[in-house]
Every structure is written in C-alpha cells, then in structure tokens.
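First comes the structure, then the notes that go with it.
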Amino acid sequence: MSANSDLTVPQREAIELIDGPLLVIAGPGSGKTRVITRRIAHMIESGIPAREILAITFTNKAAKEMATRVNDLVPNRFVWISTFHSFCARILRDRAEVVGLQSNYTIFDTTDQKQVIRTVMSEMDLDTVHFPPGKISARISQAKNDLISAERFQEMHNESVGHHLQAIVARVYPAYQKALLNANAVDFDDLLLHVVNLLTENPEIREQLDYRFRYVLVDEYQDTNSAQYKIVSALSQMNRNLCVTGDPDQSIYGWRGARIENIMRFEQEFPETSVVRLEQNFRSTKRILQASDELISNNIQRKHKKLFTENPEGDHVQLLHFFDEKQEADGIAEKILKIKSEEGYKWSDFAITYRVNALSRPLEFALMRNKIPYQVTAGVAFYDRAEVKDMLAYLRVIYNPKDIVAFHRIVNTPKRGIGKVSARKLIAWANRYNLDPLDAALRADEITTLSKRPKILLQSFARMMQEFSLTDAGSIESLLRMIIHRTGYTLGMNHSQSEQDIQRLANVEELLTAAKQFDRASEDDITLEGFLETTALASETDKIDDSAGTVTLLTLHASKGLEFPAFFIVGVEQNLLPHERSLAERDPKELEEERRLLFVGMTRAKEKLFLTETVQREFRGRPLHTITSTFLSEIEIEFKDLTQEEFHLPEPILKKKSKNKDAQKEKLSFLPDTHRLTTGADLLSGRKTSVDIPMGFQRGMLVRHPKYGRGTVVDVGGYSKHRTVTVDFEVNDRSETFIASKSHLQPIGRG
DNA sequence: CCTACTTCTATTTTT
DNA sequence: TAGAAGTAGG
C-alpha cells in the first residue's frame, strides 16, 4: 500500500507506532476514526495476525462503523471489534462457571433489575415507597462501577444502621447479587465486573487472554470506568501494546462512573508510552473552533491541547436572545427555513440540541407548524416496550429456565388465571426443593398449598412451555410465531379498534421482522443466545439516522461523535447549562463536566453555530426568570437580540383556546409530509435505510386501502411514529384505525 | 383484575 | 405541567 501521504504527521505517527503503549489525544474533528481504522489496517499489513487484535468501543454504532471501515481497507480478516459489554459477554460465556454462573445466563436490563430489587426488598420487608427500587439500583450500579463488591459495601456502611438510604442499600445489594446468581443472570455492570474478577482472581486465565490479544485498542478512553480500566490493563501486562484514543475534554459521562483520571494518568501507568496529539481540526470553521477553545480553556482538569484548523474563518458564532421558549422555537424554525432557502442547506444539515429532553417539546411543535421534517431521539426504547419484553421473556425462559424475572412476566401473560398468589406459592416451593420454576410447575400437584385449579393451570402452562424449542421451530421467527399462536398472545388485539392495541400489535410485528432479519443474518447458526444477547445489548441511540433527510433533535450527550453543518444549542442558561444539579453540588469538577458538555456540543458544528437563551422559560409549569449562563461570559460571541421579533406562523392554527382534545389533535396534524422512521428491525440489523411513512393525513382526506377500498379520514391521533389514522370506508360502513406507518393507506385526494 | 384517583417528583443514559 | 407509581374501590 502506498505511503500515508494524505495524512498529517501526527496522524501518521498514530498509525505507524504499533508496538508499545500509545496514547492518542484526539481533539474534536481530528479524524480519529480514520486514524484508528487505518492503524488496524496497517497492523494487519505489517503481518500481525488479525485475530491477535482487539478493538473496543462504547457503542454498537461505533463498533459497526469501525468494522465496516476496516473491512473496506483490508477485506475478510477477522479483527475482534466490539463494545466493552459484548466483549465481556462473550468472554463470560466460555468461563461462566468460574464466577458461579452457567453459560446460558441471561442479561437483565434496568427494568429487570428494578424488578429483582423490588422482590428482594419485599422479601426483606423493606419499604419500597420511601426507598424506590430505581434509586437503590442506581446506588448499586454506582458501587459496581467503582468496583465495590456487596461485601465491601456492607463493611463500608456497617455503622450507618437505621434507615438511611446507604444502610438499606448495604442490605439489599448482597441479596440482589444472590438473586441474580440464583436466576443465572447478570446486569450490565456485572458483565464487566465478573470479567474483572475472572481476570484478577485467575492468573492463568488472565495470561491466556493477555497472550491471545496481543494488540488492544480502546476508543473513547476518557469514558472508561474503573471496571473497564481494570479489564484493559489486565489484558496489557505481558503484551503492552495498548493503544488508547480519546479526549479528556470530551469526558461527559462522569455521572455514570466514567473516570477521566484513567486517561489523565495513562502516562504514569505506562511510563514507556508514546503520546500523539491530533490537534488539527478538519471539521469546523476557525471561529467555531476558537470559541470552543476559549470555553474549554477555563477548565483546570485537562491536558493541554492547542486546537487549530486550516478551514475558513466562517460566520460569527451567534447568541440568539429570545423572550421565551415559544419565541425561541419559532425563531429557530424560521432560521432553518431561511438558511435552507438562501444557502442551499438540506434538512439533514441541521441539528438542534439541548441539555434536557424536556426542552424538545416547543421545538417539535414549531417544526411541525413550519412543516419541517425532523427526527427526535427519545421515547421508549424498542426493546423496552411491553409486548416486545413479553415475547422476549418467553425466549428467555426457554433459554435459561432459571430466569425468574422472565418467568414472572409470562406465567400469567396473556391472562391464564394464574394469579400472583399462586405464582408466589409455586416459587416458594421451587426454592425449597431447589427446582427451576417450570419443573416445579410440572409437579404442581405435589404443592400442598395450592388448590386444585391453580395446580391444573400451572401444569398445563409448563407442558405448553415444553413444546417450544428452537430446534423444532427451525428459526427464531417461527419459534416466536409458534409462541404467539399457542399462547393466543395477540388474540385480544387482532380486531380491536383502540389505538393502543393497534400499536401493541405493530410492536409484535416489528419484533417478528427483527427476528426474521436475525435469522437471515445468522444463516445456519441461529441461536437463542445470539438473539437474546443482541436484543439485550441493542440501544436506541444506534438509530440516529443521518440518511433520513430530516432535521435532528437530540440531547447534547447524544450529539457526541456526530457533526452537522448547522448546529443549534438551545437554552444556554444558568441552571440548565450548567445544570442546577452541578451547581448545587458545589463541586468544581461537576461544573467542569458541564463545560465539557457545551464544548462537545459546540465542536459538532461545521459551519454555523447558534446558542440560544431566553428572558423567561416555562419550567415545571411556571414561567421562570432566566439567569445568564456563566459559560457565555467565557467566549466571544455575537449577540442578537430577537426579543422584539415577531415570527410569523404559517397558519393560525391555535386560534381557539385548546383545552379540548379536538383542538389538540388539530395541532398535531401539522406534520411534515413524510417522516422517516427507524424500526426495531433496523436497529437490530444496523441497517441505515429507513422506511418512508406517509404522514400527511388530515381529516376529510380521501384514501384508498388495498383491502377495504375507498374511505374518508375521520380522525388522526398521536404523532411521529405513533400516529394513527381512523378511516370510514365506503363499503358496509366499516371504520378502522391504522398506524400511519404500518397501513397501506394511499391518499387519493381531498374530501 | 381493571380503573380512576392521588401523590410525588422532576439531568444526562454509550450497555 | 406531566408522567409515573401507588392505592382504593368496584
């Protein structure tokens, strides 16, 4: 391959220094991903066997992108590129017994976790009202991130008796761990923690893996927590070919246990390390970069870095000053329209970001009113939706019969007359004789505490479950279909008119599609393990779709790693950015993280960057007077007072005061003509294309349905992907409600 | 078992 | 304000 002549000197260094530890401090927009992928390619070309290389990222998206790009450079070599969590999941499968698990363990998500904690707490007679399971599980997770075991935690808090939160946590934590082990399950944190224990307590295993992965790369190293640090370091003892890339100035997950010190201390941990700084920015204009640099210079805890760019000067960074959030939203919408028409920008060139999700609402309404297509990254994650979780719970029980959370979920879903009391009696009995729930259910007639009817019901449930097997079904999809059919799961929903049921049915459909795609992708190696692992570790942020042709709305956190030609940061105000919680803590470190968050945001912008603030903003229902953000005094920014500006709304939609539902719905019908949506199936397959959904339905519109023929739209409800359309058909006065995105309705004119 | 009412709380969320 | 989660009552 030709020399890396298209690269800068430091970039070349970062690619070519393969042996020994290497720290790459990569500023925003410095071509980091490019460097990492080229580096891997270069390693392979220099004769390093691909299987000795391990590359770790934080998100599925990043892993997938890296894998694709490496494959483009050096096709068909197997380099292990994955997230921390799926790497650990894999390692753990092979050595589960070492930590007391079986290899068919299941991964509990946060909902499952809370469920376990709730049960554990009620067994211990602890008050779940005053001590919400969510809070407890957050504390436990925090402890785990810091490598504090249940026993350690107990020792640390054995003085704080009584009913302090810590004392409660100290009691719940060990019981929770025991329950997990009992269910042959792990939570997200355990995935890492078990591997840490595996490596620190078993020198031979550590050596074996250290030897196997002679070259280790870790991306976004500033976001590693203590557990991840331990894992990485354990794999780099004998073979100290560890390359970490990251930027301390972009560490914004401290609240989740990320330890910025990991990257700050890297040079001390590996004294022989080389350090490369990628300081040239290829993304932003000079003015954007300069303002960002000014801001971040106010942080004390950081590694010095001199950002520069050869890009043009560009426009001034602007601070748009509005009266309130409503005017702000309209002003932004108008700005987008103006830039688009005057300077030829595309919808997808724009992003609007904010500190908290709650700020997205007025923005969404303004975009709707102005018929600007947009995508928002919020809402219930696909794999969190009840129907999807139900279906997956069946698979989980089949795969791991000890999965008690999944068992509880399905034992009476759909309703089959097995109430809470019967289930609890069953589990108590099963525990006494050390049986799996289903085996116990099979022998229900031996359970003396149960009366006749529950005995029969439990037995027939257990027998039904025995019928389900992947081998017989042949594929995940047909196994799921079998379950749906045999349990009658969708019976109630099939002919229902209610929006909710239609949505639920659509969710089931979507899961089937996801399963089908998994089956296809796995060819002859379809396993429940694979499917369950993918679904457990899939995340909703993977779905940000840059090819959607829409404006993107997202939190500042979610914007990390992305870039947009025109970028808005909304609500740069004291108590919002910096967030009030960071100020209340009085910890300068917290403030610095907020500053880094703004820095991350600002450096997403390629050409145009706008920050906004208001005079007053509605907060929890009350309009609140705004205070200028301390960060604004730290940067040079052009101030635009728009408080007197009137933004003409395209249509006077809300003339009548809208307390009634109809008016609300009317408001929602001003949606972009088409809206693109990423489905659960896309999410799973990592497919980038998304489905085109006709969204422009309005009351009175004439439509055609392939099955029911011509009809008139009589109602529309919901919005975005939940949008529904009710149609009165001409034949036999039939009326049906559809999910806009799922229906095959075609507009054929105005009524 | 479902629903309607009350009460409480309120970031960010790579997995 | 709005959403969740818990409680009472049918």
Side-chain angles (χ1 to χ4, degrees), chain A residues 56-64 82-89 107-110 113-114 118 127-130 132-135 138 141 144-145 186-193 218-225 227-228 246 250-258 325 353-359 361-362 377-381 383-384 412-421 533-544 554-562 571 575-585 590 593-594 596-598 600-601 617-624:
Chain A
I56 301 183
T57 63
F58 276 83
T59 64
N60 295 310
K61 198 182 171 195
K64 209 160 282 165
S82 77
T83 63
F84 264 109
H85 292 265
S86 53
F87 171 75
C88 290
I107 301 169
F108 280 180
D109 67 15
T110 40
Q113 267 179 67
K114 273 186 266 179
R118 185 175 295 279
D127 169 21
T128 53
V129 177
H130 211 232
K135 264 204 179 112
S141 173
K144 286 182 176 180
N145 280 325
V186 299
D187 61 25
F188 287 137
D189 304 313
D190 281 347
L191 233 27
L192 305 174
L193 223 54
V218 184
D219 192 19
E220 306 281 16
Y221 193 66
Q222 78 281 355
D223 288 334
T224 48
N225 63 25
Q228 289 157 338
Q250 293 185 61
S251 158
I252 54 175
Y253 285 102
W255 53 277
R256 270 188 116 224
E325 73 283 344
T353 59
Y354 29 78
R355 177 66 237 258
V356 295
N357 280 120
L359 295 188
R361 226 146 217 256
T377 57
V380 191
Y383 291 107
D384 270 350
N412 200 30
T413 312
K415 299 267 171 299
R416 49 176 74 91
I418 303 172
K420 267 199 189 101
V421 183
E533 195 170 297
T534 328
T535 52
L537 298 179
S539 110
E540 201 71 352
T541 7
D542 298 340
K543 82 172 188 189
I544 298 173
L554 69 180
T555 62
L556 280 167
H557 282 90
S559 77
K560 198 175 83 170
L562 306 175
N575 296 326
L576 212 46
L577 189 60
H579 193 271
E580 56 178 343
R581 282 267 282 242
S582 72
L583 295 165
E585 297 292 329
E590 301 256 335
E593 181 153 315
E594 294 288 307
R596 290 195 292 268
L597 186 56
L598 180 55
V600 165
R617 185 181 294 279
E618 191 157 296
F619 186 67
R620 290 179 198 164
R622 297 267 112 222
L624 219 68

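Labels below follow one simple rule: chain letters A, B, ... track the order of the sequence lines, proteins then strands, and each chain is numbered from 1.
Both A:K135 and A:H85 lie near DNA chain B, and the one whose nearest nucleotide falls closer to the 5' end is A:K135. Of the two residues near DNA chain B, A:L556 and A:I418, the one whose nearest nucleotide lies more 5' is A:I418.
In this structure, CG on A:L556 lies 9.5 Å from OH on A:Y354, to the nearest 0.5 angstrom.
Separating the C1' atom of C:dG3 from that of B:dT14 is a span of 25 Å, rounded to the nearest Å. C:dG6 sits 24 Å from B:dT11 when the C1' atoms are compared, rounded to a whole Å.
Residue A:A558 has its side chain nearest to B:dT13 when only B:dT15, B:dT11, B:dT13 are considered. With distances taken from any side-chain atom of A:K415 to the nucleotides B:dT13, B:dT11, B:dC2, the minimum falls on B:dC2. Candidate nucleotides B:dT15, B:dT11, C:dG3 were compared by shortest atom distance to the side chain of A:E594, and B:dT11 ranks first. When the nucleotides B:dA10, B:dT15, B:dT12 are ranked by their closest atom to the side chain of A:N357, B:dT12 comes out on top. Residue A:Y253 places its side chain closer to B:dT14 than to any other of B:dT12, B:dT15, B:dT14.
Here the P atom of nucleotide B:dT12 and the CZ atom of A:F58 are 20 Å apart, to the nearest Å. Between the NZ atom of A:K61 and the P atom of B:dT15 there is a distance of 11 Å, rounded to whole Å. Note: CZ (A:R617) to P (C:dT1) measures 18 Å, nearest angstrom. Remark: C1' of B:dT12 and CG of A:L576 are 12 Å apart, rounded to the nearest angstrom. As rounded to whole Å, 13 Å separates atom P of B:dT15 from atom CZ of A:F84. To the nearest angstrom, P of C:dA2 lies 15 Å from CG of A:L359. With rounding to whole Å, A:F188 atom CZ is found 11 Å from B:dT14 atom C1'. A:E325 has its CD atom 13 Å from the P atom of C:dT1, to the nearest Å.
Nucleic acid contact class of A:F619 (heavy atoms, under 4.0 Å, all strands): none. Within 4.0 Å (heavy atoms only), A:R355 reaches at least one base atom of the nucleic acid. Among the heavy atoms of the strands lying under 4.0 Å from A:R118 are primed sugar atoms or P, OP1, OP2 only; no base atom is included. Here A:D223 lies in heavy-atom contact (under 4.0 Å) with a base.
Each of A:Y221, A:F84, A:F87 was compared with A:F58 under the ring-ring contact (aromatic ring centres under 6.0 Å, His included) criterion, and only A:F84 meets it.
Ring pair A:H557/A:W255: centre-to-centre distance below 6.0 Å.
In the interface, the side chain of A:R256 is paired with the base of B:dT13 through a donor and an acceptor atom under 3.5 Å apart.
Using a 5.5 Å limit on the distance between ring centres and a 30° limit on the angle between planes, the aromatic ring of A:W255 counts as stacked on the six-membered base ring of B:dT12. Evaluation of A:H579 against the base of B:dT12 yields no stacking contact (centre distance < 5.5 Å, interplanar angle < 30° required).
Side-chain contact between A:E220 and A:Y253 is absent, with no heavy atoms from C-beta onward closer than 4.5 Å. Between A:K144 and A:L192 the shortest side-chain heavy-atom distance does not fall below 4.5 Å. Residues A:Q228 and A:D223 form no side-chain contact, since every pair of their non-hydrogen atoms from C-beta on lies 4.5 Å or further apart.
Taking 90° from 0 as the syn/anti boundary, the base of B:dT11 is oriented syn.
Distances shorter than 4.0 Å separate some side-chain N or O of A:R361 from OP1 or OP2 on C:dG3. Dashed line: the shortest gap from a side-chain N or O of A:N412 to OP1 or OP2 of B:dC1 is under 4.0 Å. Using a 4.0 Å cut-off, no side-chain N or O of A:N60 falls inside it from OP1 or OP2 of B:dT14. For A:T555, a side-chain nitrogen or oxygen approaches OP1 or OP2 of B:dT13 to under 4.0 Å.
Side chain of A:R355 to main chain of A:L577: no donor-acceptor pair is present (N/O by atom type, distance under 3.5 Å, no hydrogens or angles).
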